[in-house]
J.: 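This is the structure I have questions about; it appears just below.
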Number of protein chains: 2
Amino acid sequence: MNAGRTARERARAELTEEIKTAARQQLATVGAEALSLRAISRELGMVSSALYRYFASRDELLTALIIDAYDALGAAAEAAPAGGDPVGDWIAIYAAVRDWARANPQEYALIYGSPISGYQAPQTTVQPASRVPLLLLGLLQRAQESGRLVTPPDAPTPSGALAQQTEVLVALAPGVPPAVLVRTVIVWTQLFGMLSFELFGQLVGSMDPADEFFASASRQMAAFVGLS
Amino acid sequence: MNAGRTARERARAELTEEIKTAARQQLATVGAEALSLRAISRELGMVSSALYRYFASRDELLTALIIDAYDALGAAAEAAPAGGDPVGDWIAIYAAVRDWARANPQEYALIYGSPISGYQAPQTTVQPASRVPLLLLGLLQRAQESGRLVTPPDAPTPSGALAQQTEVLVALAPGVPPAVLVRTVIVWTQLFGMLSFELFGQLVGSMDPADEFFASASRQMAAFVGLS
DNA sequence: CAGAAACGAGAGCAGTGCTCTTGACAGTGA
DNA sequence: TCACTGTCAAGAGCACTGCTCTCGTTTCTG
C-alpha cells in the first residue's frame with residue numbers, strides 16, 4: 001500500500017529503533033510502569049507529540065518492547081550450548097534463561113510479571129512467547145527418539161479434559177508421551193516461578209543467592225520429565 | 001506520647017479502614033499501578049490532601065494493602081480443610097491458595113507480580129509472606145512424624161552452600177530431611193509459577209482452563225516431596 | 001512541478017502524586 | 001470556663017503524565 005521506499009523510510013526505521021533503545025534504557029532504570037513517553041522524547045531531543053508518529057500510544061510502544069523481550073529471551077535460550085547430552089542441554093537452556101533474566105530484570109518483569117493494567121497483550125506476542133517452551137519440547141522429542149527419555153513410572157497418563165489439552169502439545173512434539181508433556185508444563189511453570197521468586201525478591205531469607213538451588217532444581221526437573 | 005484515646009482515635013481507625021476498602025475496590029477494577037489517591041478520596045467524598053493524614057504516601061498505602069493481601073492469602077490457606085491425610089491436606093492447601101488467587105487476582109498480582117518500581121518492600125512484609133510456606137513445612141513435619149513422608153530415593157542430599165541455606169529450613173521443620181526441604185522450595189516456586197501463569201494469561205493456548213492441570217500438578221508435587 | 005503524505009514543534013486538556021498554608025474543631029489542664 | 005495544643009479537611013499550587021489538535025515545513029510521488 002503505502003510503499004515509500006527511500007531515505008524517509010530508513011530514517012523512520014532508525015528513529016523507531018532509537019526510540020525503543022531509549023525506552024529500554026529507561027525501562028532498566030525506572031521500570032515498566034514508570035516508563036514515560038515524555039522522558040523518552042526528551043532524551044531523544046524531540047517533542048513528545050512527535051513520538052506519536054512512531055507509536056500510536058504508550059501501549060503500542062510497550063507491545064513492541066514485549067515482543068522484543070520475548071525474542072531476546074528466546075534467542076538467548078536457543079543459543080545455549082548444545083552438546084548432544086540431553087540432560088546437559090536441558091541444564092544449559094535453564095542456565096541461559098536465568099542468565100538472560102538476571103541481566104535484563106525489567107524486561108523479564110515486563111513479560112513474566114503482573115500484566116500492565118489496562119493493557120491487553122495482542123495476539124502478536126503469542127508466537128515469540130512460545131519460543132522457550134518449543135525449545136524444551138524439541139529437546140524432549142529428540143531425546144525420545146534417541147532413547148534418552150524414559151517415561152517416569154509414577155507419571156500419571158492424563159485423562160479427561162487434561163488429555164484433550166495435552167493433544168495440542170502432542171502435535172508439537174510427536175512421539176513424546178502425554179504423561180511427559182504434562183510434566184513439561186509443570187517444570188515450565190516451575191522454571192519461571194523460580195526465576196520470578198529470585199528476581200522479585202521472594203527468595204530472600206531462604207535460597208538467596210539462588211545459584212546452587214537453581215542448579216539443583218534444573219537437574220531434578222530434568223529427571224522429573226524423564227531425561228537421562 | 002500523643003495519647004488521644006477516645007472518639008477521635010476510633011474515627012481515625014475507622015476512616016483508615018474505609019480508605020483501604022476503597023483502595024481495594026479500586027485495585028480490583030483498575031489494577032495496582034493505576035491506583036489513584038485522588039480517585040479514592042473522591043470515592044470517600046473527601047479531598048485528596050486529607051488522605052495524607054492517614055497514609056504518608058501512595059507507597060505506604062500500597063504497603064498496607066500488600067500486608068493485608070499476604071495475611072488474607074495466609075488465612076485462606078490455613079483455613080483449608082485438614083482431614084489428617086497428608087496428601088489430601090496438601091491438595092486442599094493448593095486448592096485454597098488457587099481459589100484465593102483467582103478470587104483476588106489484583107491482590108495476588110500485588111504480592112507475587114513484578115515489584116512496583118521505586119517501591120521497596122519493607123521488612124514488615126516478610127512475616128505475613130511466609131505463612132504459606134510455613135504451613136507447607138508444618139504439614140511435612142507432621143507427615144514425617146507419622147511416617148507418611150518417605151524421602152524420595154532420587155532426591156539428592158544438598159551439599160555446599162545449598163546445604164547451608166537449607167539449615168534455615170531445618171530449624172523451621174526439624175526432622176524433615178534436607179533433601180525434602182530443597183524439594184519443598186522447588187514445589188513452592190512451582191505452585192506460584194503455575195498460578196502466575198494461569199492468572200497472567202501465560203497458559204492461554206495450552207492448559208487454560210487450568211483446573212485439571214492444577215489438580216494433577218498438586219498430586220504430582222505432593223508425591224515429588226515424598227508425601228504418601 | 002503540483003499535490004499528497006509525512007513530519008516536528010508547540011499549545012492545550014484532563015489527569016496524577018504530593019506539598020504547603022489556612023481556618024475550624026476536639027480534647028485537656030489550669 | 002477558657003485558653004492552649006494537636007488534629008483535621010479544605011484548597012491552591014507545583015511539576016509531572018498521556019494524548020490531541022493545529023500549524024507550518026519537508027519529503028516523496030504521480
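Chain A is the first sequence line, chain B the second, and so forth, proteins listed ahead of strands; every chain is numbered from 1.
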J.: Measure the distance from CZ on B:R10 to P on C:dA26 and round it to the nearest whole Å.
T.: 15 Å
J.: Side chains of A:T189 and B:Q190: is there a donor and an acceptor less than 3.5 Å apart?
T.: yes
J.: Give a yes/no on whether any side-chain N or O of B:R12 is located under 4.0 angstrom from OP1 or OP2 of D:dC8.
T.: yes
J.: I need the OH-P distance between B:Y52 and D:dG11, as an integer number of Å.
T.: 17 Å
J.: B:F55 CZ to D:dC8 P: how many Å, rounded?
T.: 13 Å
J.: Side chain of A:T184, backbone of A:V180: donor and acceptor closer than 3.5 Å?
T.: yes
J.: If the threshold is 4.0 Å, N to carboxylate O, is there a salt bridge linking B:E17 and B:R12?
T.: no
J.: Figure out the CD/C1' separation between B:E18 and D:dC8, and round it to whole Å.
T.: 15 Å
J.: Using every non-hydrogen atom in the two residues, find where B:A101 and B:Y108 come nearest and quote the distance to one decimal.
T.: CB-CD1, 3.6 Å
J.: Does the protein touch nucleotides 8-16 of chain C at the base, only the backbone, or not at all? Give it as B, S and - per nucleotide, heavy atoms under 4.0 Å.
T.: BBB-B---B
J.: Please give, in whole Å, the distance from C:dA5 C1' to A:R8 CZ?
T.: 7 Å
J.: CD of A:E14 versus C1' of C:dC7: gap in Å, rounded?
T.: 16 Å
J.: Under a 4.0 Å threshold between the charged nitrogen and the carboxylate oxygen, would A:D68 count as salt-bridged to A:R24?
T.: yes
J.: Answer yes or no: is there a donor N or O on one side and an acceptor on the other, between the side chain of A:Q165 and the main chain of B:P209, under 3.5 Å?
T.: yes
J.: Could you check how far CG of B:L62 sits from P of C:dG17, rounded to whole Å?
T.: 10 Å
J.: For B:E60 and C:dC18, give me the distance from atom CD to atom P, rounded to whole Å.
T.: 10 Å
